[in-house]
Amino acid sequence: MADFGASDLDAFRTEVREWLAANYPPELRDGGAPTDPEAIWGGRRFEGSDDPQIVWMRRVAERGWTAPSWPKEYGGAGLSREQARIIEKELAAGGYRVPLASFGVWMLGPVLLEYASEEQKREHLPKIVRGEIRWCQGYSEPGAGSDLASLQTRCEDAGEHWKINGQKVWTSYADKADWCFCLVRTDTSKKHEGISFVLIDMSSPGVETRPIRLISGESPFCETFFNDVLVPKNNLVGRVNGGWDIAKRLLQYERQNISGGFGAGGGAGGVAGDLAQVAKDYVGTDEEGRLEDADLRARITRNKMDVHALQLTMARIAAEQKASNGPSAVTSIVKYAAASFAQERSELMVEAMGSQGLGWSGEGFSPDELRATRGWLRSKGNSIEGGTSEVNLNVIAKRVLGLPDPK
Amino acid sequence: MADFGASDLDAFRTEVREWLAANYPPELRDGGAPTDPEAIWGGRRFEGSDDPQIVWMRRVAERGWTAPSWPKEYGGAGLSREQARIIEKELAAGGYRVPLASFGVWMLGPVLLEYASEEQKREHLPKIVRGEIRWCQGYSEPGAGSDLASLQTRCEDAGEHWKINGQKVWTSYADKADWCFCLVRTDTSKKHEGISFVLIDMSSPGVETRPIRLISGESPFCETFFNDVLVPKNNLVGRVNGGWDIAKRLLQYERQNISGGFGAGGGAGGVAGDLAQVAKDYVGTDEEGRLEDADLRARITRNKMDVHALQLTMARIAAEQKASNGPSAVTSIVKYAAASFAQERSELMVEAMGSQGLGWSGEGFSPDELRATRGWLRSKGNSIEGGTSEVNLNVIAKRVLGLPDPK
Amino acid sequence: MAVLSEEQSMLRDAAKSWVQEQSPVGALRKLRGDGAGLGFDPAAWREMGQMGWAGVVIPEAHGGSEFGWLSLGLVLEEMGRTLAASPLLATSAAAAALTLGGTDDQKAEWLPKLAGGEVIGALAVDEGPHHAPGKIALKAERSAVGWTLTGAKTFVLDGMAADLLVVAARTSGQPGEASGITLFLVPGDAAGLKRQALKLADSRGAANISFEGVEVRQDAALAGGLDLLDQVLDRARALLAAEMLGSASQAFETTLDYLKTRVQFGQVIGSFQALQHRAAKMYVELELARSAVEAALAALDAQAPNAAELVSLAKTRAGETFHLVSNEMVQMHGGIGMTDEHDAGLYLKRARAAEAAFGGQAFHRDRYARLQGF
Amino acid sequence: MAVLSEEQSMLRDAAKSWVQEQSPVGALRKLRGDGAGLGFDPAAWREMGQMGWAGVVIPEAHGGSEFGWLSLGLVLEEMGRTLAASPLLATSAAAAALTLGGTDDQKAEWLPKLAGGEVIGALAVDEGPHHAPGKIALKAERSAVGWTLTGAKTFVLDGMAADLLVVAARTSGQPGEASGITLFLVPGDAAGLKRQALKLADSRGAANISFEGVEVRQDAALAGGLDLLDQVLDRARALLAAEMLGSASQAFETTLDYLKTRVQFGQVIGSFQALQHRAAKMYVELELARSAVEAALAALDAQAPNAAELVSLAKTRAGETFHLVSNEMVQMHGGIGMTDEHDAGLYLKRARAAEAAFGGQAFHRDRYARLQGF
């Protein structure tokens, strides 16, 4: 990577800004024509599509800017972290749609870069950058939630192939994904040391997905079944029984990704909007302009302050990491705090709306009200998915605070 | 015990009321002459005293009413539970001073009745009833707090006597007590099965007490040291190494006793007074008569509701126990809830008083204010003494809810 | 659990076995799928009527059993366990309005039908998203035959099914004033009365109802203003608190069972101390809530002077407890608790809807304080 | 921990080692025993003056180092760790009043002496048990030479030691009105000024001060009313929040050490999951508090428009965190934590006193909401 100075970065910023302005499809401007909301995830389904969102993704990908810091030989742009951040900021500042949302870019790519063979990198990374293949994550199983390493999906040697049998659960968008990065058991006599990391084409015979309906009515997750699924031998990443290290590293990327989304006090399921303003609209104010319900006002204020303190903490972590070029221990608190504040915010949102925040569908409720109800329900998953809050607290206690296990 | 009907109980109530009125020393009426506040605990120090409080204790004790339900042969009055409760209620309703406060009556006596030899009962029980001997409790040790059974005070066979060496801590009023009921280790090879229950005369050579100064400035507890203290063989209650059962039974009586004191939302250290009124006096009210600080008002209201719900729970437990003639599982929550509500009440009391609730001594603070500060500090012990809140929660989880220990 | 009379124990046991057999949680799922709009199964309601549940708080003279509010609370607690749907609460609250504020003629006309379950009653009080009995604006104006009602009511529990609506209206003064409120008996089929069914997250039946110049006779008015309304509401609140206590108890027990069976890291998760302490704290809350609920119901039976205070205490504690337990139910079940297939979501949704109905925790904390002059 | 400049790191390290060596917790115990009334050790204060701490927020032109509020916060955080007693906070707040509202003459007269620690300053604001800058009643009336001050101030931190008092007084209007407030510089030896030392639970120095017709010159007034007062108070609040953060951090670390060494039931108690989770939650609170405190101090240095909001956030979170941690410190230590011999009680007492000073959590939550128009 080139070593850029401040003035070089300014020049780069100008270049990015101009390129984005020149290449953004006019159909997408100012809210633009409705396009398939799934399109930003890319994948085989969109091959040959002229959906302007897909056009936009291809243009950005062509420059490698969907994964700007990945090496050029794998389709990235080979840029520095500062440059990558400039692209991110310019995209947000200019109000451009996200070119590509991708578990491949966020989670799989980084571990492939670290653990995969040269052949595997050349095969998979460019397709990720170009949004040609949409990936899903085959981790959790019905009996293996917080205790991920107790997973039971079997992977047996079948000569030319691996043969895979078992069931995954909580596979995000498995019904829409093209490939799956999957943890499987290659040795039943050991726990952590019997796990391998394999890549599975979801169009293989024997793969079946079944969407799970959540309490919020949505189905972003699936159950995924593998029945005698044959996978080419070279789709195993790293060494046989060496998958747990890759799994853990990938989880780090996942957590960063989940935590990153919480900055605005939202989190999956949270609805946008100023909680204080919603409360004023639904509850009313006194002659001094304060919320009429003083009890609710105090609790909303607490939540606003919680979220504010968390935002300051995330800014502090970024500054510390930049200064030290290393991870900050404080990162460990983000997921836990973000989940609990986002959940409380959602609770307060429906409480403020009163009976209007309890609708499910049909007349009598505005779209925002229905979104608030469902968002509140969806937010209950924030403290479960990607590591439960209980596991987060265990990790803080043991790894950060150094408290011992019981003898 | 006689089986009394309702009309008999009415007659008994009249009898009690008349006797109390006739026998209450006139000096004690209407606040009366100041007497030694220690006097209600009785003991050797007050032998021959003509303090009216001691006169009052002796008169009540003579009828066995200091331990009304104990058998007559041991100095009690042999009355039924209903009758005993009538005496209690009439004493409170008439505004009479407590005749006798006594760990002997509350804790030791009941276990002696169950576990002691006839000789031991005849020796100790009547002196307890008459307030002649003040007892203290030798349980906790510096290394044995919540884990009481890990106690190390050695008790060795020395022929005619037991020889005792070790240290107790948190011995309430050990510096004022005449005798001590004490847990000692008679077998070092076992944990629970190596503990015995012995009675020690505090005037024995080798006994030393040292008051512990608390954060509230008071010293109600002592460290107690035993150096080669010789105790007659027949001062061991029950069988050698059989003390743990007695210890646990006594703790039940202690917890009942501690919980009983929390009904009014007080608890050791809590100060009297209506929290809401104190807050109004120190914070002020708005035009509708509500506390000006809405945030504090909501929190005080929560605490008042907590205390109210606990009072209702205690009334329910009493009704259930009366109806079923057996213990109620709900009793398990009382100590935990009472401690946490009492502590919160003390916190709110000093918060309401603002800087006036932070005085330690001297000018600028009223006696009530200073009491609030020290009461707040003292209340921190509520969730530690007589079984920590953590242990309470463990007990609820395991014994009431049936949750298992880890494998 | 309060000490019960023999007839109360029998009623409770009968309710328990009927509910468990005839109206398990699956019954609510079925109703939800049907989307019939009533929010309950009319056949089940007929059975409840036959068992005399609708008459538990109605005087014997008018066809009820007069067992009282604590007794009815026992039934609702059992129904709460399985989230059993019925207009029993709403009907009993309407009956209370008649019993407390009706003339002999009004009582004779309506109470026997309510007691048998032939007539379904409901309370129409609120007009906005929050419970606010003081803010009633719906107008009642004198007319040739009696009164004309104009305005709209929101979130009327069992408002779609109701044959008889008890409507709080303003005969004078401005919203926010304590005087000028009167309760009216309005038949469900009155001209100018329009209902809009609400599809709520918890699948309970409710409606928004508009009154476009609804004419009622002179004798449709009940005697008593905001005070009567408050007494009627307190009965609805206490019943709802009892139902919530039942729901929360079941949610807790289901969770406790899961803690005892789910294995992670080679251990039953109920052996982890952090979860044990959280379970123990839920138990503490449940027992405190039970004491408050039973005391409130008993105080209504005794017409105790502090009944209002106890009702606000009961509704608050039942609300806090159900809030806590329903959240923990999802969290302690982990992923499975997030699925629609599991019951956790049903309890969670019911919790918030029941919290909001007839005043949430914040409303009742404030009311409790006001009643104590604080 | 904020990213520090080299000079800030040096200042922090110097403060840390001086405090640990020269002013451990034992120093406060000694002061408490002495009961000298000042609440700090004059010799220690002289050393702090020599190290330049009193000048950290004073402009270079007036003898200070002008390192700024974040820098001074680092020093106070270190002092908070051992509950080190000094009038540094009060003196720096008085200096802020001069810097922000003083004329060149006033600055030239006082700032160099404050910077060197020769003059101790203090803020005299509140007049009742609760922090209420809006409610100032102490009267300032025009006189022949300047102004006459009449009234009383309560709970003036370091009020016994102060050589220079910054007194908030009312020149017009009624208590509760925002206009009509002026800050006055009053020498500690002014005639008619009477001090009463307060013996506080946390052993910090404080006084009630009465002004019985105290005469000050025309040029004793600072420029700026309630706004100036608020800016000065925000500096005191942010410094106190930094000190509280240090105290809470030390209380937590001491408790964590105990969890790692105390054995019960054959286990180190820190291996019990319920305690582990509570410890982890304290860590979360501490880190959130740190972010808020550092952001508030940095905002004061940058004169950011949202500084007031950040200060209220910082004071609230530092207060909540110290409240929680000081309670847990006692509870997790069990019996030993209840003894005067152990430090837990000292942190507990300091926590509540610091929470109340310059506005508690409830005050600052309300202020934060008001600043956002809520």
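A note on names: the letters A, B, ... follow the listed sequences, proteins ahead of strands, and every chain is numbered from 1. The figures here come from the full heavy-atom set of this structure, side chains too, leaving out hydrogens, waters and symmetry mates.
Of all heavy-atom pairs between A:Gly402 and D:Lys260, the closest is O-CE, 3.5 Å. In this structure, A:Leu312 and D:Ala292 approach most closely via the heavy-atom pair CD1-CA, 3.9 Å. Nearest heavy-atom pair, D:Ser291 versus A:Ala309, reported as atom, atom and distance to 0.1 Å: CB-O, 4.1 Å. Taking both residues in full, the closest heavy atoms of D:Val268 and A:Pro404 are given as CG1-CG, 4.1 Å, listed atom of the first, atom of the second, then distance.
Proximity to chain A (any heavy atom under 4.5 Å) is restricted, for D:Glu294, to the side chain, taken from C-beta onward. For chain A, no part of D:Phe265 is nearby; none of its heavy atoms comes within less than 4.5 Å. Both the backbone and the side chain of D:Ala279 come within less than 4.5 Å of a heavy atom in chain A. Of the two parts of A:Glu288, only the side chain, counted from C-beta on, holds a non-hydrogen atom closer than 4.5 Å to a non-hydrogen atom of chain D. The contact between A:Ala329 and chain D is made by backbone and side chain atoms together, counting heavy-atom distances below 4.5 Å. Heavy atoms of A:Ala323 lying under 4.5 Å from chain D belong exclusively to its side chain. Using a 4.5 Å cut-off between heavy atoms, A:Lys304 touches chain D through backbone and side chain atoms alike. For D:Glu253, no part lies under 4.5 angstrom from a heavy atom of chain A. Contacts between A:Ser324 and chain D at a heavy-atom distance below 4.5 Å are absent for every atom of the residue.
Annotation: residues 353-360 of chain D contacts chain A through no residue [non-hydrogen atoms, separation under 4.5 Å]. Contacts between residues 365-374 of chain D and chain A, counted as heavy-atom pairs separated by less than 4.5 Å, involve D:Arg365, D:Asp366, D:Tyr368, D:Ala369, D:Arg370, D:Gln372, D:Gly373, D:Phe374.
Applying side chain to side chain contact (heavy atoms under 4.5 Å, CB included) to D:Glu287 and the options A:Ile317, A:Val400, A:Val330 leaves one that passes, A:Val330.
Among A:Arg290, A:Arg297, A:Lys280, the residue with the largest count of heavy-atom pairs under 4.5 Å with chain D is A:Arg297. Between chain A and the options D:Gln361, D:Lys281, D:Arg278, heavy-atom pairs under 4.5 Å are most frequent for D:Lys281. Of the listed residues (A:Asp306, A:Ile396, A:Ile300, A:Leu403), the greatest number of heavy-atom pairs within a distance under 4.5 Å of chain D belongs to A:Leu403. When D:Leu313, D:Leu275, D:Val3 are compared by the number of non-hydrogen pairs under 4.5 Å with chain A, D:Leu313 comes out ahead.
Salt bridge status for D:Glu320 with A:Arg302: present, with a side-chain N to carboxylate O gap under 4.0 Å.
In this structure, D:Gln276 contributes its side chain and A:Leu393 its backbone to no donor-acceptor pair below 3.5 Å.
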Practice prompt. Tell me, with the steps shown, if A:His308 and D:Glu309 meet side-chain contact (heavy atoms from CB on, under 4.5 Å).
Written response: CA-CA 10 Å; A:His308 194 167; D:Glu309 223 169 282; 4.2 Å; yes
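Contact of the D:His277 side chain with the A:Asn394 side chain is registered, since non-hydrogen atoms from C-beta on lie closer than 4.5 Å.
More than 12 heavy atoms of other residues, nucleotides or ligands shown are found within 6.0 angstrom of NZ on A:Lys398.
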